[in-house]
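Every chain is numbered from 1 and lettered A, B, ... according to where its sequence line falls, protein lines coming before strand lines. These figures come from a predicted structure and were not determined experimentally.
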Amino acid sequence: MADFMNGMKRTAYCGEVSVDMIGKELVLAGWAAKQRDLGNLIFIDLRDRTGIAQLAFDDSTGRETFGKASSVRSEYVLMAKGVLRRRESVNRDIPTGEVELYVSELRVLAVSETPPFDIKDGIKTNEELRLRYRYLDLRRNELQSAILMRHRIVKLARDYFDKNRFVEIETPILMKPTPEGARDYLVPSRVHPGKFYALPQSPQLYKQLSMLAGFDRYMQIARCFRDEDLRADRQPEFTQIDIEMSFVDEVDVQTVNEGLMKDIFKEIMGMELELPLRRITYKEAMERYGSDKPDTRFGLELQDLSDILKSTEFAVFKTALEAGGSVRAINIKGAAATLSRKEIDKLADVAKLFKAKGLAFTRVTDEALSSSFEKFLTEAEIEAIHGRMDLKTGDVLLVVADPRDSVVFAALGALRLNLAKRLGLIPENTYDLLWVTDFPLFEYDPDEGRYYAMHHPFTCPNFEDLEKMETDLGAVRARAYDLVLNGTELGGGSIRISDPAIQRKMFAALGMSEAEANDKFGFLLEAFKYGVPPHGGMAYGLDRLVMLLLNKESIRDVIPFPKVQNASELMTACPTHVDTKSLDELSIAVVREEE
RNA sequence: GGCCCGGUAGUUCAGUCGGUUAGAACGCUAGCCUGUCACGCUAGAGGUCGUGGGUUCGAGUCCCAUCCGGGUCGCCA
C-alpha cells in the first residue's frame, strides 16, 4: 500500500533548488523520472513541472528508506524530505546539477505501471499512442512548456485589454443555430422536443449586441466550435481571443491589436516588433503571392504575363485570356540544377491538385534552354517574357494559364510554398506579421450560381463601393482585415454594418428575403432599431498563435486534449453511443449509426 | 466524399527475390555493483507481423476488403 502524505508539506519545487539552498532541509514532491541503483548508492531523478532534482541515498540512509528507494520505478509519485547538499560530481547538463537532496525520509505516494512510452523530450512515439495516454504525454517538458505559453499569452491578453478598458463578457455556449457558414454542432433540447441549440462558431452576434448594450470595448477568451473536417492547423473545438469595439474605424481596431502583438512578442519571444505593421491589400496579396495569407518571408513572387500574350496564337494561353482569365508565372532563380524535367512534372501534379490544367515551363541551363511552350510564341513575346521575369541561365520559369484567375493564383501560390520549403528559402526564427486589407465582400459560388458573404453578412462594405452593391457584387470591397503570420491566418475582423439600410442591401445581395432575414437574424435587426454605435472587432486563433510561436507543425501540439482527424478523442473514446433512455428524453430517434 | 503515406516485441525500427526457429536497440524482470546522471556487468522474459479473406507446397513479404492514425483536396460565413 502506498504511503500517506500526512504531516509532510512540500517546501520547494524540483527545478528551483540551487546552491544557495545548500544545508537547508527541504521537502520535494514529484514523479520518479529515473532510478539509478548502484548497489549501496541510489540516485533518483525527481521530476515536477519546474524541472528535475536528484535524490541521493547511501548506506548511512535508514534501512527502511533505502529499501523504498531501491523499489522505486519510473513514474512512481514520491515525496522526499532531506538536506540539500553539494554533489560530489556535478552534472552540467541540468540547472540543478550542482546539488542533490540527501534523503532522510521517503514516501511512495503512488506506484505506477511501466508507462507505454518513455516520458522524455524529443521522443519519436506514434502520435496515436501519445493521444491515448495524453496525460502521460503532457508530463513531457515539451508539452508542458506549450501549455504554459498558452497560459502566459492568455494572461497577457487579459491584462493588456483590461489596461485598455476592455470588459470580458461571457457569451452563451448554447445559442441559436446559424444556417450560413460552417456546420454547427447541435445540442438537443429536452424541454423543447425537436428543437436544437447550436454551439457557437464564434460569439459574433453577442459581441455586437454587447456594443449595442454600451459596453464599448468587449473581449473574451472564447471557445468556438465548427463541425468541419480537421487539418493540421484546424480542430473542431478551438479558442479565440475575441474583441469588439465601438466608435472605431479599421485602423483603431488594428492599432489596439498591434499593441497586443507587440506585447506578446516582447514578453514571450523577447523580440521587438516594429509598428505599425505592414499592410497590403487582398488584391496585391493575390497578385504577388497567389494567396490571401501570403508568406512574405521569401520571394518567388508571381508576375502577370497576360498583357504580353494578349494576341498570342498559342491555344492554351489564348483560350485562358479570351475567357477573361490570366497567364502568370514565377521564376525560380538558380533552380535549374535541382529541378529536373521529372521534378517539374511532379510540380505539374501539384498545380493540377488546384485545378490547373497544366504547368508550362522554361528551364535554362548552361547547355540548353528547354521549354514546353516557347516554340508556340513569337520572338517578341519570348523576349518580353524573359525580360519581365529576369530569366537567366540557371533559372526555371513556371507558367500557369487558366480562364479563372482564382485557379492561376491557387496553383502558383501552392507551387510557391512547395518550392520555398523544398529549396530551403524560408528563413528560420523569422516572424513576418502583416495585415491583409480590402477583402472582397462577396465570393461567387459557381456551383450554386450565387454570391456568398466572404466573411459574414454583417461585414460593412467599403463606402466607395456602395453603388456596386446593385451592379457588380464581385467588385465590392469589405471593411475587413486579416492578420497574417508566416503564411498563416492568425485572425481576422471587420467594421460591422450599423446602418439598417446597408444591412437590407446586404441581405438582398445575398438573395435573402426580408422574411428569411427576419427569421434568421430578427433579434439582431430588431436590436439595431434601438441605437447602434459604429463598431468593429477582431478574433485571433489562440491555438495557431501558440503553434507558430513555438514552431510546431500541428495545432495538436499546443492543445492540452486535442481530437484526431475524424473528430474523436482517443483518450476518452468520444463521441459515443448514449442509452435509449437519454434519447427518449430528448425525443430523438437514431436512424443510422456507426458500429 | 476523393487522393497520398503509415501500421512488425512495451517503444523506435530492420526484415533481401515469397522459404526453414521473425531480429536489433532502448525499455521491462532478476542478480551483482558507493558517485551515477543514456550508470555498468550478467542472465532472462517478451510477437494474433492492425483485422478478415484470397493466391501459393509455403505469406510479415503478393492480391482484395476492412479498421486505426497522419497529410491533403473538397469543406472551414
Worksheet item: Does anything in residues 230-237 of chain A reach RNA chain B, meaning a heavy atom under 4.0 Å, and if so which residues?
Response: A/Arg231, A/Ala232, A/Arg234
Worksheet item: Under the salt bridge (Lys or Arg N to Asp or Glu O under 4.0 Å) rule, what pairs show up with a residue in residues 199-208 of chain A, not counting sequence neighbours?
Response: A/Lys207-A/Asp242, A/Lys207-A/Glu244
Discussion item. Is it the case that B/C28 (base atoms only) and A/Arg73 (side chain only) share a donor and an acceptor within less than 3.5 Å, ignoring hydrogens and angles?
Written reply: no
Worksheet item: In chain order, what residues pass the ring pair (Phe, Tyr, Trp, His ring centres under 6.0 Å) check against A/Tyr197, with sequence neighbours excluded?
Response: none
Worksheet entry | Non-neighbouring partners of A/Thr281 that pass side chain to side chain contact (heavy atoms under 4.5 Å, CB included), sequence neighbours left out | A/Lys283, A/Glu284, A/Thr437, A/Asp438
Item to complete: Could you check which nucleotide pairs with B/G44 in any of the strands shown, counting Watson-Crick or G-U wobble with both distances under 3.5 Å?
Response: B/C28
Worksheet item: Aromatic ring centroids of A/Phe458 and A/Phe521 under 6.0 Å?
Response: yes
Worksheet entry | Residue list, side chain to side chain contact (heavy atoms under 4.5 Å, CB included) with A/Asn566, at least two apart or on another chain | A/Val564, A/Ser568
Worksheet item: Taking only residues two or more places apart in sequence, or in another chain, which ones meet A/Lys120 in a side chain to side chain contact (heavy atoms under 4.5 Å, CB included)?
Response: A/Asp118, A/Ile123
Worksheet item: What's the closest nucleotide to the A/Asp229 side chain, out of B/C75, B/C28, B/U36?
Response: B/C75
Practice prompt. If a pair satisfies side-chain hydrogen bond (donor to acceptor under 3.5 Å, both in side chains) and one of its residues is in residues 501-518 of chain A, list it, with sequence neighbours excluded.
Written response: A/Glu516-A/Lys520
Worksheet item: If you look at every strand shown and take non-hydrogen atoms under 4.0 Å, does A/Val350 touch a base, only sugar-phosphate, or nothing?
Response: nothing
Item to complete: Select base, sugar-phosphate, or nothing to describe what A/Ser202 touches, counting heavy atoms under 4.0 Å on all strands.
Response: base
Item to complete: Could you tell me whether A/Leu570 contacts a base, only the sugar-phosphate backbone, or nothing, with contacts defined as non-hydrogen atoms closer than 4.0 Å?
Response: sugar-phosphate
Worksheet item: Using a cut-off of 4.0 Å on non-hydrogen atoms, how would the nucleic acid contact of A/Arg86 be classed: base, sugar-phosphate, or nothing?
Response: nothing
Practice prompt. In whole angstrom, give the distance that lies between atom CZ of A/Phe66 and atom C1' of B/G35.
Written response: 13 Å
Item to complete: Kindly say whether, by distance alone, the side chain of A/Gln54 makes a donor-acceptor pair under 3.5 Å with the base of B/U36?
Response: yes
Fill in: Sugar-phosphate only, base, or nothing, as touched by A/Asp58 at under 4.0 Å among non-hydrogen atoms
nothing
Practice prompt. Output yes when A/Asp295 and A/Arg416 qualify as a salt bridge under the 4.0 Å nitrogen-oxygen rule, no when they do not.
Written response: no
Worksheet item: With A/Glu443, which residues qualify under side-chain hydrogen bond (donor to acceptor under 3.5 Å, both in side chains), at least two apart?
Response: none
Response to the item:
Residue pairs meeting salt bridge (Lys or Arg N to Asp or Glu O under 4.0 Å), one or both in residues 37-55 of chain A, sequence neighbours left out, come to A/Arg36-A/Asp45, A/Arg47-A/Glu75
Practice prompt. Using a 4.0 Å heavy-atom cut-off, write out nucleotides 5-12 of chain B from 5' to 3' as B (base contacted by protein), S (sugar-phosphate only) or - (no contact).
Written response: -----SSS
Discussion item. Measure CG/A/Asp37 against C1'/B/A30 and give the value in whole Å, please.
Written reply: 12 Å
Discussion item. Can you measure A/Arg226 atom CZ to B/G74 atom C1' for me and round it to whole angstrom units?
Written reply: 17 Å
Worksheet item: Using the benzene-type ring in the case of Trp, are the ring centres of A/Phe57 and A/Phe66 under 6.0 Å apart?
Response: no
Worksheet item: Looking only at side-chain N and O atoms, does A/Lys34 come under 4.0 Å of OP1 or OP2 in B/U36?
Response: no
Discussion item. Going by the rule side chain to side chain contact (heavy atoms under 4.5 Å, CB included), which residues pair with A/Ala348 if we only count those two or more places apart in sequence or in a different chain?
Written reply: A/Leu359
Discussion item. Would you say A/Arg36 places a side-chain N or O within less than 4.0 Å of OP1 or OP2 belonging to B/C39?
Written reply: yes
Practice prompt. Can you sort out which residues in residues 555-566 of chain A have a heavy atom within less than 4.0 Å of RNA chain B? Ascending by number, please.
Written response: A/Arg556, A/Val564, A/Gln565, A/Asn566
